[in-house]
Amino acid sequence: MPATKNTTPLIKWLFYMADSNLILSQRNSEWCGHGPVLEQDIALTNMALDQLGQARAYYQYIAHLLNQDVQSPEQYTNEDELAFLRDNRAFHNLLLCELPNGDWAQTIAKLFFFSHYQYQLLNMLTQHEDDTIRAIAIKSLKEVTYHVRWSSEWVIRLGDGTEESKTRMNNAIHYLLPYLSELFNPADYELSLKAYDIESLKEKYIAAIEDVLEKAELPIPVSFHINLIQQKGGKQGLHTEHIGFILAEMQYMQRTYPNMEW
Amino acid sequence: MFAINKYYYGDIPDGGGNTSNAQFSAENEWPLWEVFIRHKQGLDHKHVGSLHAADANMAIENARDVYTRRMEGVSIWVVESKNIHASQPEDAGSFYDPAQDKIYRHPTFYDLPDEVKHM
């Protein structure tokens with residue numbers, strides 16, 4: 001098992017970023033072969049791969065940092081171990097990312113809420129003092145810009161569509177609203193890192209989200225709802241029941257056939 | 001009154017009655033779009049295939065996702081397929097055959113100086 005205890009705030013925060021991307025990537029990849037039409041199936045799978053790539057970048061950096069303190073070569077860790085051999089309590093992903101896909105609207109809404117958050121956050125991280133984090137942010141931002149565009153257009157298309165699509169989009173957003181406060185309730189490692197101003201992040205985020213919802217004819221006061229019910233825990237490793245099932249499927253191969261490679 | 005039908009994979013209900021097979025009909029399908037990709041600055045857009053999309057924006061994004069995943073393009077055009085008018089195969093005789101015996105239209109009757117390249 002990789003040594004992930006007694007780690008620095010930086011490493012904990014990197015796990016937060018990596019795990020959120022990995023878990024949502026795993027969720028989105030569940031749609032592979034099941035998309036409503038071929039083109040959208042490919043679009044969502046592409047984005048799942050973007051998120052997997054971003055997760056890899058963070059895991060590689062974590063492995064690099066952890067390996068600096070290692071005494072003997074047997075203790076070296078790598079990105080695969082970090083992704084496939086940690087248990088659910090070690091995962092720091094947002095609860096939002098592990099929630100079930102539900103219908104197409106719920107899948108869209110999850111990506112919508114997450115990608116807008118990433119977009120604002122990565123924008124701030126492009127000014128980060130750490131070269132590696134800055135490089136990851138600059139590269140990821142291009143991908144996330146597309147995720148924001150794609151998911152926002154779908155929110156508008158469904159919200160301003162038929163009665164059925166509007167109902168589904170509305171239900172999906174209300175199902176996810178309680179999980180948004182976690183984005184802005186800082187974990188201890190976020191507070192000690194002081195890498196970004198969370199209040200300004202929240203302000204920009206809510207403005208962007210509400211702008212799209214208004215265009216989608218779904219005038220939901222997110223700034224009000226976000227403080228109403230506050231689900232939390234993911235950032236500290238306390239998850240919903242869904243994470244166990246995700247990890248069981250995702251980690252099965254590596255745990256059954258240790259050290260297997262493609 | 002309605003009947004609940006249970007369908008199995010591969011069962012496409014045939015028309016008739018008030019079945020919900022409208023969802024399979026072409027009417028409810030998104031329109032078809034033709035996709036043209038420019039592979040490099042300076043080259044022209046080439047037809048690469050077609051796809052379904054609800055509107056032009058979605059068609060461009062779908063084209064991006066389906067046809068430029070391996071760095072194939074720097075620019076995308078989409079045209080709704082119904083807006084493309086094609087010549088008819090049965091016109092091929094009158095359209096193209098008359099050109100066959102007019103070889104003088106080919107610039108092959110001139111001796112090119114060796115200095116001229118790229119002809």
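Proteins get letters first, then strands, A, B, ... in listed order; numbering begins at 1 in each.
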Only counting residues at least two apart or in another chain, list the ones meeting salt bridge (charged side-chain N to carboxylate O under 4.0 Å, His left out) with B:Asp55.
A:Arg157
Please collect all salt bridge (charged side-chain N to carboxylate O under 4.0 Å, His left out) contacts where either partner lies in residues 207-223 of chain A, sequence neighbours excluded, each pair once.
A:Asp211-A:Lys215
Residue part contacting chain B, namely of A:Leu38, when any heavy atom lies under 4.5 Å
neither
Here the gap from B:Met58 atom CE to A:Glu153 atom CD, rounded to the nearest 0.5 Å, amounts to 8.5 Å
Would B:His52 and A:Val37 count as a side chain to side chain contact (heavy atoms under 4.5 Å, CB included) if you check the C-alpha gap in whole Å, the side-chain angles of each, and the deciding distance to 0.1 Å?
CA-CA 8 Å; B:His52 291 276; A:Val37 295; 5.8 Å; no
Might you confirm whether atom OH of A:Tyr119 has over 12 heavy atoms from other residues, nucleotides or ligands at distances under 6.0 Å?
no
Please walk me through it: do A:Thr45 and B:Arg69 pass side chain to side chain contact (heavy atoms under 4.5 Å, CB included)?
CA-CA 11 Å; A:Thr45 316; B:Arg69 307 171 74 222; 5.6 Å; no
Around atom CG of B:Asp101, are there more than 12 heavy atoms from other residues, nucleotides or ligands closer than 6.0 Å?
yes
What parts of residues 142-152 of chain A touch chain B if we use heavy atoms and a cut-off under 4.5 Å?
A:Tyr146, A:Arg149, A:Trp150
Considering only heavy atoms, give the residues of residues 73-100 of chain B separated from chain A by less than 4.5 Å, sorted numerically, with 'none' for an empty result.
none
Assess whether atom CZ of A:Arg27 is packed by more than 12 heavy atoms of other residues, nucleotides or ligands within 6.0 Å.
yes
Crowded around A:Met260 CE? As in, over 12 foreign heavy atoms under 6.0 Å?
yes
Does NZ belonging to A:Lys204 count more than 12 external heavy atoms closer than 6.0 Å?
no
Can you find a pair of side-chain heavy atoms, one from A:Gln40 and one from B:Asn62, that are under 4.5 Å apart?
yes
Value for CD (B:Glu61) from CG (A:Asn46), rounded to nearest 0.5 Å, stands at 12.0 Å
